[in-house]
Amino acid sequence: MTGPATATRVLVLNSGSSSVKYRLLDMADGTRLAAGLVERIGEETSRVSHTPPAGEAGRRERGGPVPDHAAALKAVAEELARDGLGLDSPGLAAIGHRVVHGGMRFSAPTVITDEVLGEIERLVPLAPLHNPANLTGIRTARALRPDLPQVAVFDTAFHTTMPEYAARYAIDVETADAHRIRRYGFHGTSHAFVSRRAAALLGRAPEQVNVIVLHLGNGASASAVRGGRCVDTSMGLTPLEGLVMGTRSGDVDPAVTFHLRRVAGMSVDDVDVLLNKRSGLVGLCGDNDMREIRRRIEDGDEPARLAFEIYVHRLKKYIGAYYAVLGRVDAVVFTAGVGENSAQVREAAVAGLEGLGIAVDADLNAVRSDVPRLISPGRARVAVAVVPTDEELEIAGQTFALVAAGRGGVDRGA
Ligand code: AMP
């Protein structure tokens, strides 16, 4: 190589307890170079599926045990190397890691140092299922490429702008502070990405618009975003609060917990499992896939219909609440699996809100598409939009921006 090569690639790693999702992007133009998933880590039936630059047609799958995260990342590195995109290639600028809980400390993407790792570790009690897996992914990636900048992008960061009166629960302050109990919010990279894209769809700067974002996937959350900054969100101390989700209850009277303890003899862990895994749509009707629920409703299934109504009623309450919080709303935006795909949920969620200036046009709402689009009638006071989310692209963008800023351009030399 004769001159310095400019590194523009970012590898995004999303490490779960038994899986690693990854995507390699070229941030010169945002293109996806490769992507894949290692699943069932630690089981006999582990699987690696990898999509190379050629796309779906070139997709490779392999089985065989992947005993731990170190083996999983080794498999990712091997797959990328087969495409000439190995972890040692000079084009790689950084690795961006999704980290679920950043507490109050991390309000922005952060270059990972030993000290930062220690802080993420200290937050484990607040996210016992997620942060340990994220940490394992980070440690493994650092061992593979100790010289490469690695960045943590936190699910909670976008919500750290919430005012204190929205973030605090009305419980004894000393107890709350001693145990770091407050509303943190999650899905932040999605809310950040989608609210910015919605502003672009309206042809305005993020600072100029007020947006309600409805992220409706298997997990679901709403946020109120004023001028590009989050002022309220529906998830709280954990991702359990707020909307009805696939398997999570969302809002319930907290007394449900001690009532079940007293009258049903359930342990705290039993109630944890009940509210996180056996509630929401699955608890109400046995299915958590909105497509299946709609099929059952078409067949006259009563529990499915009631589950849908409870789901939509909660959603509508949050739209109303965040309208009041924002005072003026420019757009209501639907995103994630249900929000992007279910015209019925979108229609039902805004039904009856014409008085607030919120409505959907039936024909526009019925169009299936994977690009950001408006679905409100032409002259509506509030735009209603569908904006596909892309958390990996957002993580890559934030990672690259940080690394580029820190180095005055990512110039890694020859
Ligand atoms: P996510 O967590 O964003 O991947 O969303 C997953 C959920 O999206 C699934 O559980 C389904 O309920 C929902 N979903 C995916 N595709 C559709 C569709 N075509 N129509 C309705 N819901 C869908």
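Read the numbers this way: they start at 1 and go in the same order the structure lists the ligands and their atoms. Every heavy atom of this structure was used, including side-chain atoms; hydrogens, water molecules and symmetry mates were not. Throughout, residue positions are numbered sequentially from 1 according to the sequence presented.
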Can you tell me if [X] and [Y] form a side-chain donor-acceptor pair at under 3.5 Å?
X      : Y      : value
Ser223 : His215 : no
Thr31  : Asp26  : no
Thr110 : Arg105 : no

Under the ring-ring contact (aromatic ring centres under 6.0 Å, His included) test, residues paired with His101 that sit two or more places apart: Tyr184, Phe186
Would you please name every residue forming a ring-ring contact (aromatic ring centres under 6.0 Å, His included) with Phe158, sequence neighbours left out?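 None.
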Close N/O pairs between ligand 1 and protein, under 3.5 Å:
from: ligand 1; atom 1: 2 (O); to: Asn218; atom 2: N; distance (Å): 2.9
from: ligand 1; atom 1: 3 (O); to: Gly337; atom 2: N; distance (Å): 2.9
from: ligand 1; atom 1: 8 (O); to: Val338; atom 2: N; distance (Å): 3.4
from: ligand 1; atom 1: 12 (O); to: Met290; atom 2: N; distance (Å): 2.8
from: ligand 1; atom 1: 16 (N); to: Arg291; atom 2: NH1; distance (Å): 3.4

Could you pull out all donor-acceptor pairs under 3.5 Å where a side-chain atom in residues 275-286 meets a protein atom, sequence neighbours excluded?
from: Asn276; atom 1: ND2; to: Asp272; atom 2: O; distance (Å): 3.3
from: Asn276; atom 1: ND2; to: Asp272; atom 2: OD1; distance (Å): 2.8
from: Ser279; atom 1: OG; to: Leu274; atom 2: O; distance (Å): 2.5

